[in-house]
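Comments concern the structure below.
Bear in mind that the values here come from a model prediction, so they are computed numbers and not experimental data. The sequence lines fix the lettering, A, B, ..., with proteins before strands; numbering per chain opens at 1.
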Amino acid sequence: MAFDSLYVRHHEARSYVCQRNEIADSWIGVLEGFLRVQDTTAEGRLIMFTGVAAGGWIGEGSLLKPEQRKYEIMATRPTVTVHLPRSTFSWLLERSIPFNHFMLSHLNERLSQFIGMVKFDRLLEPTVRVARGISSLFHPVLYPNTDSMLRINQEELGLLVGVSRQRVNIALTELETAGLIQRGYGCITVTDRQALARYP
DNA sequence: ACATTAACAGGAA
DNA sequence: TTCCTGTTAATGT
């Protein structure tokens, strides 16, 4: 059957799940860990586009039309991925209405995420950026994760929102004194999700 | 002013 | 030991 071709991959921290310009052959789901969708500039600077947490999927763009990957995907910590090969992907796309519904809602949510990023870019208040960045990782469709504790360190968060690690540190103490989060070692616990999303 | 990079010490894992 | 945090000082816009 079609599902026979699903396969699972284990990735070490800081290893590539796929490289830029690679030919896409599967839709990538995250079972465990965290993926960073990024690009490296000519000067070697890292730009992070988005993250994918457990339960999320990435890479359908390069499957829906025949093209090479436009970015690289890296595991930021030990990560387990499940791969839905291109043949099975198109098989499901042709035949399964539930699969199409899932795909549509997934694409729709990612679209609104990127529309939100344009707005995000224009509000430059670093603390607000950090607050929104944390909130975005609680997206119910893109990151179906019920846990209120995020496994992300301050440098990672800075990469995600485009702020330095040191400034993230300041932002986190502000958000903690505001009673929205609690800082931890390599993690953040969100105590008030709604207020965090509406911050300030 | 305010953010960024670089560098450091100290604590957690 | 390595990783992460919290903090400085110097530099840039």
Side-chain angles (χ1 to χ4, degrees), chain A residues 8-20 28-56 58 71-81 113-139 142-200:
Chain A
V8 171
R9 284 282 138 89
H10 293 255
H11 309 273
E12 290 172 22
R14 277 186 289 295
S15 65
Y16 287 99
V17 174
C18 65
Q19 299 270 7
R20 191 183 152 82
I28 302 165
V30 179
L31 297 178
E32 245 179 79
F34 193 81
L35 295 182
R36 204 159 68 189
V37 182
Q38 62 186 27
D39 200 1
T40 313
T41 64
E43 300 83 33
R45 275 183 63 100
L46 206 62
I47 304 171
M48 180 168 172
F49 296 127
T50 185
V52 190
I58 189 70
Y71 41 72
E72 52 197 38
I73 300 175
M74 179 182 268
T76 66
R77 71 180 111 271
T79 299
V80 184
T81 54
Q113 189 194 37
F114 277 84
I115 286 175
M117 272 170 60
V118 177
K119 191 171 148 192
F120 187 89
D121 252 15
R122 278 147 179 76
L123 52 93
L124 287 163
E125 212 70 67
T127 304
V128 182
R129 294 175 67 103
V130 171
R132 298 289 162 79
I134 297 168
S135 290
S136 74
L137 294 176
F138 282 103
H139 196 292
L142 259 23
Y143 307 109
N145 171 21
T146 56
D147 201 345
S148 64
M149 193 196 73
L150 282 174
R151 298 277 309 179
I152 189 168
N153 65 34
Q154 299 181 359
E155 182 169 10
E156 206 78 59
L157 197 50
L159 237 33
L160 180 69
V161 301
V163 167
S164 68
R165 176 181 74 78
Q166 291 86 337
R167 191 56 184 80
V168 168
N169 187 273
I170 293 167
L172 289 182
T173 53
E174 284 176 23
L175 295 175
E176 188 172 47
T177 45
L180 306 177
I181 63 160
Q182 246 178 294
R183 288 171 304 165
Y185 185 80
C187 65
I188 297 160
T189 306
V190 177
T191 46
D192 193 338
R193 216 175 281 193
Q194 272 73 36
L196 185 68
R198 273 187 246 107
Y199 187 88

Where A:R129 and A:V161 come nearest, the two heavy atoms and their spacing: NH2-O, 2.6 Å
Grab the CG-P distance between A:N169 and B:dC8 for me, whole Å please. 19 Å
Atom CZ of A:R77 and atom C1' of C:dC3: how far apart are they, to the nearest Å? 13 Å
Side-chain contact test, heavy atoms from C-beta onward, threshold under 4.5 Å: evaluate it for A:L157 versus A:R165 and give yes or no. no
Once you round it to whole Å, what is the distance between C1' of C:dC3 and CD of A:E155? 10 Å
Check whether any side-chain nitrogen or oxygen of A:Q166 sits under 4.0 Å from OP1 or OP2 of C:dT7, and answer yes or no. no
With distance as the sole criterion, do the side chain of A:E125 and the base of B:dA3 form a donor-acceptor contact below 3.5 Å? no
Rounded to whole angstroms, how far apart are CG on A:L157 and C1' on C:dT5? 13 Å
Output the rounded distance in Å from CD (A:E174) to P (B:dA3). 9 Å
Taking only side-chain nitrogens and oxygens of A:N153, does any of them come within less than 4.0 Å of OP1 or OP2 of C:dC4? yes
When you measure from the side chain of A:S136 to the backbone of A:I134, do you find a donor-acceptor pair of N or O atoms at a distance under 3.5 Å? no
Figure out the CZ/P separation between A:R151 and C:dC3, and round it to whole Å. 14 Å
Does C:dT7 have OP1 or OP2 under 4.0 Å away from a side-chain N or O of A:R167? no
More 5' along DNA chain C: A:R165 or A:R14, using each one's nearest nucleotide? A:R14
Check A:R20 against A:D39 and note the closest heavy-atom contact, atom names and distance. NH1-OD2, 3.4 Å
Taking any heavy-atom pair under 4.0 Å as a contact, classify A:R129: base, sugar-phosphate, or nothing. nothing
How long is the line joining CD of A:Q154 and C1' of B:dA12, in whole Å? 13 Å
Side-chain contact test, heavy atoms from C-beta onward, threshold under 4.5 Å: evaluate it for A:T191 versus A:S148 and give yes or no. no
Side chain of A:Y185: nearest nucleotide among C:dG6, B:dA12, B:dT4? B:dA12
Any donor-acceptor N/O pair under 3.5 Å between C:dG6 base and A:R183 side chain: no
Rounding to a whole Å, what distance do you find between A:E156:CD and C:dT5:P? 10 Å
